[in-house]
Amino acid sequence: MICPKPSVKDLLYVVACFSASITLLSPATLASGSISTGSSGVSSQYGQLYKQGKVAFFRKVACSRAECPVKRNQVSGSLAAGLVESLRTRAELKFEESENDAIISVLCPGENAGDCAGRPDEQEMVQYYLTRRFNIKG
């Protein structure tokens, strides 16, 4: 059987499609902090936890409103590390409350969070988000 020779137009179409698919599927095209749904098309449990933690953090802790404990432009790796340490030790008996303990208290189930009935543990979500975002070990 003899196959017909592809035209230049056909070859250009194949190359264009291949290039477009490589560009769209490249991890470098994803924005920082974005949640990828992976090959299954369903977002992972940890992707959701990261996203929810990010939303809670920027809605209640680091925002531009006057009542927020931290301004958005003050967020840094050292602040994140301090908050994660307070979140990790939140159930421990402490002799003194740190500034970071007061900051995380605005997240459910914190004492300054307001109505937390039936709401998820925002402190756990924010701890996961900050740990991943700022690559905090330990």
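A quick note: this is a predicted structure, and the numbers were derived from the prediction, not measured.
- Among residues at least two apart or in separate chains, disulfide (SG to SG under 2.5 Å) pairs with a member in residues 97-138 are Cys108-Cys116.
- Of the inter-residue distances, the one linking Arg119 atom CZ with Leu107 atom CG reads 10.0 Å to the nearest 0.5 angstrom.
- Atom CD of Glu122 sits about 11.5 Å away from atom CG of Leu87, to the nearest 0.5 Å.
- At least one donor-acceptor pair closer than 3.5 Å links the side chain of Lys71 to the backbone N or O of Arg65.
- When all heavy atoms of Asp101 and Ile104 are compared, the closest pair comes out as O-CG1, 3.3 Å.
- Between the side chain of Ser86 and the backbone N or O of Leu83 there is no donor-acceptor pair closer than 3.5 Å.
- Applying the side chain to side chain contact (heavy atoms under 4.5 Å, CB included) test to Pro109 and every residue at least two apart in sequence or in another chain returns Arg90, Asp121, Gln123.
- For Glu111, the side chain to side chain donor-acceptor pair (under 3.5 Å) test picks out no residue, with sequence neighbours left out.
- Taken together through direct or relayed side-chain contacts under 4.5 Å among Ile, Leu, Val, Met, Phe, Trp and Tyr, Leu130 and Val55 form parts of separate hydrophobic clusters.
- To the nearest 0.5 Å, atoms CZ (Arg88) and OG1 (Thr131) are separated by 5.0 Å.
- The nearest pair of heavy atoms linking Val75 to Ala62 is CG2-CB, 3.5 Å.
- Every pair passing side-chain hydrogen bond (donor to acceptor under 3.5 Å, both in side chains) that includes a residue from residues 73-84 is listed here, sequence neighbours excluded: Ser76-Ser78.
- Atom CZ of Arg59 sits in a sparse spot, with 12 or fewer heavy atoms from other residues, nucleotides or ligands closer than 6.0 Å.
- Smallest separation of non-hydrogen atoms from Ala56 and Val126: CB-CG2, 3.9 Å.
- The CZ atom of Arg72 sits 9.0 Å away from the CZ atom of Phe57 when rounded to the nearest 0.5 Å.
- Considering only heavy atoms from C-beta on, Pro120 comes within 4.5 Å of Met125 through its side chain.
- With sequence neighbours left out, the side chain to side chain donor-acceptor pair (under 3.5 Å) criterion links Arg132 to Tyr128.
- Under the rule for a salt bridge (Lys or Arg N to Asp or Glu O under 4.0 Å), Glu97 has no partner lying at least two apart in sequence or in another chain.
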